[in-house]
> 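Input: one structure, supplied below.
Nothing here was measured: the structure is a model prediction, and the numbers come from that model. A, B, ... follow the sequence lines: proteins, then strands. Residue 1 opens every chain. The figures here come from the full heavy-atom set of this structure, side chains too, leaving out hydrogens, waters and symmetry mates.
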Protein chains: 2
Amino acid sequence: MCQHCDYAQILEAANLNLTTNRLKILEIIGNNRSPLSAKEIYDTLSRNKDINRVTVYRILDLLVKKGIINRLTSGERTFHYGMAPNKNHPAHPHFYCKHCGAIECLNPEALHIEMESLKKTYPGVIENVEIRVDGICKNCLKKSRQ
Amino acid sequence: MCQHCDYAQILEAANLNLTTNRLKILEIIGNNRSPLSAKEIYDTLSRNKDINRVTVYRILDLLVKKGIINRLTSGERTFHYGMAPNKNHPAHPHFYCKHCGAIECLNPEALHIEMESLKKTYPGVIENVEIRVDGICKNCLKKSRQ
DNA sequence: TTTAGTATTGCAACTTTATTGCATTTCTTT
DNA sequence: AAAGAAATGCAATAAAGTTGCAATACTAAA
Ligand SMILES: [Mn+2]
Ligand SMILES: [Mn+2]
Ligand SMILES: [Zn+2]
Ligand SMILES: [Zn+2]
């Protein structure tokens with residue numbers, strides 16, 4: 001649950017009309033403690049409101065294009081969406097559990113990475129870095145030991 | 001082109017029967033300068049030999065399970081396969097071009113990361129870290145400037 | 001307020017990538 | 001040579017996301 005983000009203002013700042021769907025989706029993503037799949041977002045939204053899954057995909061694409069949210073890869077074939085790094089959400093690596101599929105946000109300091117030298121030497125343009133740690137999460141480890 | 005790997009020996013060491021398909025696929029992956037998609041591997045193989053694409057997927061799964069190759073995520077929905085880190089192939093980050101979809105291997109030293117402290121403090125098991133840098137590659141940049 | 005234009009959404013069909021079940025073939029070992 | 005195990009092929013299926021187009025909702029001018 002993020003106390004600091006004014007989601008309506010974020011949409012406005014990106015020159016996007018403020019629609020209920022956009023705001024809801026952004027809130028769902030921003031208030032969740034780990035990145036969500038399109039299906040998870042759709043299911044959450046569907047509990048209260050009738051919405052088409054294509055609309056969800058389209059809004060997600062739009063928010064990604066505007067740099068408001070990030071599209072992250074899991075170890076599976078589904079994308080997950082989380083807030084793009086901003087004042088309230090520092091960039092951070094993620095952990096993907098191969099066993100249960102859960103994705104968790106790691107501490108921003110967990111794996112500090114020095115980008116500056118690469119940014120200077122790389123002959124193209126670097127826009128984003130994604131760090132994903134794979135393995136077995138605490139919960140699955142506990143279960144497997146019982 | 002990797003001069004150092006004895007692919008037959010790698011398969012043998014993993015207790016896998018040496019089949020033509022396994023060896024060919026491992027050679028294709030090991031000798032390529034960047035990770036390949038299942039389709040690219042299948043197409044390469046198909047040029048010389050009649051093979052079913054399901055067989056390709058199954059061999060890729062097997063080699064991943066044995067830790068011989070790695071399954072990498074691109075910025076798209078396709079997995080790519082490259083040699084797992086070993087004596088001849090140090091772990092390294094990859095660059096994904098959002099424009100042309102190309103994936104290139106970055107220098108192992110390009111983004112050195114300190115894993116030890118996370119490995120010690122993380123309550124689960126860490127098996128693998130994937131670092132993907134996204135942006136626009138040199139070629140696409142050049143084209144867009146013309 | 002009407003109306004025209006634009007933006008958003010819904011729906012059905014489609015695409016891509018990968019997986020599954022089961023039959024067939026090939027290999028290994030005795 | 002025969003039996004059993006391993007590998008492969010083929011057709012069907014699944015999952016996730018995309019596309020085209022029609023319908024609805026919103027916005028702003030007349
Ligand atoms: Mn996160
Ligand atoms: Mn590589
Ligand atoms: Zn888990
Ligand atoms: Zn490119």
Side-chain angles (χ1 to χ4, degrees), chain A residues 7-8 11-12 14-26 28-29 35-46 48-66 68-82 96 98 100-101 103, chain B residues 7-8 11-12 14-26 28-29 35-46 48-66 68-82 96 98 100-101 103:
Chain A
Y7 297 114
L11 291 175
E12 203 178 342
N15 270 312
L16 295 178
N17 291 340
L18 189 88
T19 68
T20 313
N21 288 334
R22 284 175 187 167
L23 189 57
K24 269 282 162 211
I25 288 179
L26 187 53
I28 290 171
I29 293 172
L36 295 165
S37 68
K39 183 171 190 313
E40 289 168 330
I41 293 165
Y42 169 72
D43 288 345
T44 302
L45 208 45
S46 298
N48 303 313
K49 186 176 186 298
D50 206 29
I51 190 175
N52 191 277
R53 67 194 192 91
V54 177
T55 302
V56 174
Y57 280 116
R58 285 200 273 234
I59 291 178
L60 290 172
D61 287 347
L62 180 68
L63 297 180
V64 168
K65 200 177 67 183
K66 291 287 184 174
I68 297 171
I69 63 175
N70 260 359
R71 185 161 89 155
L72 307 171
T73 59
S74 69
E76 285 151 7
R77 305 187 55 230
T78 48
F79 293 120
H80 282 66
Y81 299 86
Y96 165 72
K98 290 178 178 180
C100 67
I103 299 181
Chain B
Y7 297 113
L11 291 175
E12 202 178 342
N15 270 312
L16 295 178
N17 290 340
L18 189 89
T19 68
T20 312
N21 288 334
R22 285 175 185 166
L23 189 56
K24 268 282 161 212
I25 287 179
L26 186 53
I28 289 170
I29 293 172
L36 295 165
S37 68
K39 183 172 190 312
E40 288 168 331
I41 294 165
Y42 168 73
D43 287 345
T44 303
L45 208 46
S46 298
N48 302 314
K49 187 176 184 298
D50 206 26
I51 189 175
N52 191 277
R53 65 195 193 88
V54 177
T55 303
V56 174
Y57 279 116
R58 285 200 272 236
I59 290 177
L60 290 172
D61 287 348
L62 180 69
L63 297 180
V64 168
K65 199 177 70 185
K66 291 287 184 175
I68 297 172
I69 63 175
N70 262 359
R71 184 161 88 156
L72 307 171
T73 59
S74 70
E76 286 151 5
R77 303 187 56 232
T78 46
F79 293 120
H80 282 66
Y81 299 87
Y96 165 72
K98 289 178 178 180
C100 68
I103 298 181

> Check for a donor-acceptor pair, side chain of B:R22 on one end and backbone N or O of B:N17 on the other, with a separation under 3.5 Å.
yes

> Can you check whether B:I68 reaches B:L11 side chain to side chain, under 4.5 Å on heavy atoms?
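Yes; the side chains approach each other to less than 4.5 Å.
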
> On a plain distance test, is the side chain of A:R58 in donor-acceptor contact with the base of D:dG17 below 3.5 Å?
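Flag unset: no donor-acceptor pair detected.
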
> Using a cut-off of less than 4.0 Å, is there contact between a side-chain N or O of B:R22 and OP1 or OP2 of D:dA7?
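Looking at the OP1 and OP2 atoms of D:dA7, one of them is under 4.0 Å from a side-chain N or O of B:R22.
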
> Does A:T19 make a side-chain N or O approach to OP1 or OP2 of C:dT8 shorter than 4.0 Å?
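Indeed not, no polar side-chain atom of A:T19 lies that close.
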
> Indicate, yes or no, whether a donor-acceptor pair under 3.5 Å links the base of C:dT17 to the side chain of B:R77.
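For B:R77, whose side chain was compared with the base of C:dT17, there is no donor-acceptor pair (under 3.5 Å).
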
> Can you measure A:H80 atom NE2 to D:dG17 atom P for me and round it to whole angstrom units?
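The answer, rounded to whole Å, is 9 Å.
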
> Using whole Å, report how far CZ of A:F79 lies from C1' of D:dT18.
12 Å

> Is the shortest heavy-atom distance from the side chain of A:K49 to the side chain of A:T20 under 4.5 Å?
yes

> Just the rounded figure in Å: distance from P of C:dT17 to CD of B:E76.
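Whole-Å distance recorded here is 8 Å.
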
> Round to the nearest Å and state the distance from B:L23 atom CG to C:dC27 atom C1'.
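The distance from CG of B:L23 to C1' of C:dC27 comes to 17 Å, rounded to the nearest Å.
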
> Could you state the CG-P distance from A:D61 to D:dA16, rounded to the nearest angstrom?
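Going from CG in A:D61 over to P in D:dA16 covers 16 Å.
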
> Tell me: NZ of A:K24 to C1' of C:dT8, nearest whole Å?
19 Å

> Flag the pair B:L36 / B:Y81 as yes when at least one side-chain heavy-atom distance between them is below 4.5 Å, and no otherwise.
no

> A:Y57 side chain: which of D:dT18, C:dT20, C:dC11 is closest?
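Of D:dT18, C:dT20, C:dC11, D:dT18 is nearest to the side chain of A:Y57.
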
> Side-chain N or O of A:N17 versus OP1/OP2 of C:dA7: is the shortest distance under 4.0 Å?
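A:N17 to C:dA7 OP1/OP2: no side-chain N or O under 4.0 Å.
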
> If you assign each of B:R53 and B:L16 to its closest nucleotide in DNA chain D, which residue comes earlier from the 5' end?
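Here B:L16 is the residue nearer the 5' end.
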
> OP1, OP2 of C:dT17 versus side-chain N and O of B:T78: anything below 4.0 Å?
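B:T78 to C:dT17 OP1/OP2: no side-chain N or O under 4.0 Å.
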
> For the pair made of CZ in B:R71 and P in C:dT17, what is the distance, rounded to whole Å?
14 Å

> Here's a test of your reading of the structure: between B:S37 and A:V54, which maps to the more 5' nucleotide of DNA chain C?
A:V54

> Does a nitrogen or oxygen in the side chain of A:N52 sit under 4.0 Å from OP1 or OP2 of C:dC11?
yes

> Tell me yes or no: between the side chains of A:K66 and A:N15, is some donor less than 3.5 Å from an acceptor?
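No, no side-chain donor-acceptor contact under 3.5 Å.
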
> Atom CG of B:L62 to atom P of C:dA18: distance rounded to whole Å?
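Rounded to whole Å, this separation is 17 Å.
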
> Would you indicate, yes or no, if D:dT8 has its OP1 or OP2 atom less than 4.0 angstrom from a side-chain nitrogen or oxygen of B:N21?
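For D:dT8, OP1/OP2 do have a side-chain N/O of B:N21 under 4.0 Å.
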
